[in-house]
Novice: 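Please see the structure below; I have some questions.
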Amino acid sequence: GKASESPQGRGFFKLGIFDAIMMSLNTPPSHKPQISATLMFWCLAEQSFHFRVGAMVPTMMDVVALTGLPWTGETAYAGMSVPDIEYHRPKSAGKPGPAYGTFIDTCMKSDSSISEDISFLSCWLNRYLCSSPTLAMTADFVDLAKVLHSGRRVALAPPFLIFTEV
């Protein structure tokens, strides 16, 4: 069957993140000269493009249209109430955390579907949604993964716009 018909797929669909997860499975083709030309107009300090007609910034509607992420729902913030779900995040000997491959390998050995789901969501949030600058897992998004796992719909487009850097 289709991925959207699986129990996890149906849950991700209800949360409004199914399309974004499916999109993260593929790397879109890129045209390096075109990207290089576009970045000539990008101001890293202001996170905006500067053209002769003025500055242009990505908007929330741009994020929603390009990613399919929900812009309505609970606001994601550091103090949001987190469900009391027992979850043991794989650790590494070094800082800041295990590399993605090590994290995934460790999580695949889990006997708990809850742990597997939270691990997947943590990895997806860390790697694709909020683009951690390191190639390692951080604990930054475990609480948000627990909230999503519990079935609460969260507006993820705003954090994506805030955390993603070109």
Side-chain angles (χ1 to χ4, degrees), residues 1-31 34-35 38-39 42 47-49 56-83 85 87 89-90 96-108 110 112-166:
K2 294 181 188 175
S4 62
E5 294 172 1
S6 72
Q8 285 173 319
R10 285 192 302 271
F12 295 151
F13 191 78
K14 280 183 181 178
L15 292 171
I17 61 175
F18 180 79
D19 291 337
I21 288 173
M22 295 308 290
M23 194 168 65
S24 65
L25 295 175
N26 299 308
T27 303
S30 64
H31 189 261
Q34 192 173 33
I35 291 173
T38 304
L39 289 177
W42 182 253
Q47 296 286 298
S48 62
F49 291 100
M56 182 179 126
V57 297
T59 67
M60 189 66 61
M61 292 311 293
D62 294 327
V63 170
V64 171
L66 292 170
T67 65
L69 289 170
W71 63 281
T72 59
E74 271 186 75
T75 302
Y77 64 99
M80 69 189 308
S81 69
V82 177
I85 300 172
Y87 171 71
R89 184 173 96 61
Y100 290 115
T102 304
F103 182 83
I104 291 167
D105 288 345
T106 304
C107 294
M108 292 297 290
S110 171
S112 166
S113 63
I114 292 171
S115 182
E116 184 180 315
D117 194 40
I118 293 171
S119 296
F120 169 79
L121 288 166
S122 296
C123 188
W124 178 71
L125 290 164
N126 199 99
R127 176 69 177 99
Y128 295 103
L129 186 67
C130 297
S131 301
S132 172
T134 69
L135 294 176
M137 285 296 300
T138 66
D140 297 344
F141 304 106
V142 171
D143 286 348
L144 183 53
K146 286 180 177 182
V147 168
L148 290 170
H149 170 77
S150 72
R152 289 166 41 198
R153 188 177 172 99
V154 177
L156 292 174
F160 178 84
L161 187 59
I162 292 167
F163 287 116
T164 304
E165 293 184 10
V166 173

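Predicted, not measured: the structure shown is a model, and the values here were computed from it.
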Novice: Of all heavy-atom pairs between V57 and Q47, which one has the smallest distance, and what is that distance?
Specialist: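 Smallest interatomic distance, heavy atoms only, reads CG1-O, 4.0 Å.
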
Novice: Measure across V147 and S81 and return the closest heavy-atom pair with its distance rounded to 0.1 Å.
Specialist: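 Minimum heavy-atom contact is CG2-O, 3.7 Å.
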
Novice: Hey, what do you get for CZ (R153) to CG (L148), rounding to the nearest 0.5 Å?
Specialist: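 R153 atom CZ to L148 atom CG measures 10.5 Å (nearest 0.5 Å).
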
Novice: What's the spacing between I17 CD1 and M23 CE if we round to 0.5 Å?
Specialist: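 Going from the CD1 atom of I17 to the CE atom of M23 covers 12.5 Å.
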
Novice: Flag the pair F12 / F120 as yes when at least one side-chain heavy-atom distance between them is below 4.5 Å, and no otherwise.
Specialist: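 F12 reaches F120 side chain to side chain.
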
Novice: Roughly how far, to the nearest 0.5 Å, is the CZ atom of F141 from the NZ atom of K146?
Specialist: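 The NZ atom of K146 sits 15.5 Å away from the CZ atom of F141.
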
Novice: Taking side-chain hydrogen bond (donor to acceptor under 3.5 Å, both in side chains) as the definition, give me every residue that meets it alongside T59, ordered by chain and number, with sequence neighbours left out.
Specialist: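 Residues passing side-chain hydrogen bond (donor to acceptor under 3.5 Å, both in side chains) with T59: D62.
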
Novice: Got a second to check how far W42's CH2 is from I35's CD1, nearest 0.5 Å?
Specialist: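 With rounding to 0.5 Å, CH2 (W42) is 13.5 Å from CD1 (I35).
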
Novice: State, to 0.1 Å, how close A155 and P159 come at their nearest heavy-atom pair, and which atoms those are.
Specialist: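 Reported closest heavy-atom pair: O-CD, 3.4 Å.
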
Novice: Would you say T38 and F49 make side-chain contact, with heavy atoms under 4.5 Å?
Specialist: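 The answer is yes; the side chains approach within 4.5 Å.
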
Novice: Atom CD1 of I21 and atom CG of L121: how far apart are they, to the nearest 0.5 Å?
Specialist: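 The CD1 atom of I21 sits 6.0 Å away from the CG atom of L121.
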
Novice: If you round to the nearest 0.5 Å, how far is CG of D117 from OG of S122?
Specialist: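 The distance works out to 9.5 Å.
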
Novice: Just jot down the side-chain hydrogen bond (donor to acceptor under 3.5 Å, both in side chains) partners of D143, sequence neighbours excluded, or say none.
Specialist: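 With neighbours one apart ignored, the set is empty.
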
Novice: Would you find more than 12 non-hydrogen atoms of other residues, nucleotides or ligands less than 6.0 Å from I114 atom CD1?
Specialist: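 12 or below, so no.
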
Novice: Considering only heavy atoms from C-beta outward, does the side chain of L156 approach that of L144 to under 4.5 Å?
Specialist: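 Touching, per the 4.5 Å side-chain cut-off.
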
Novice: What are the two closest heavy atoms between M80 and E74, and how far apart are they?
Specialist: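 Minimum heavy-atom separation between M80 and E74: CE-OE1, 3.7 Å.
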
Novice: Looking only at heavy atoms, what is the nearest atom pair of G16 and P70, with distance?
Specialist: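 Closest heavy-atom pair between G16 and P70: O-CD, 3.1 Å.
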
Novice: Only counting residues at least two apart or in another chain, list the ones meeting side-chain hydrogen bond (donor to acceptor under 3.5 Å, both in side chains) with S150.
Specialist: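 For S150 there are no side-chain hydrogen bond (donor to acceptor under 3.5 Å, both in side chains) partners, ignoring immediate neighbours.
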
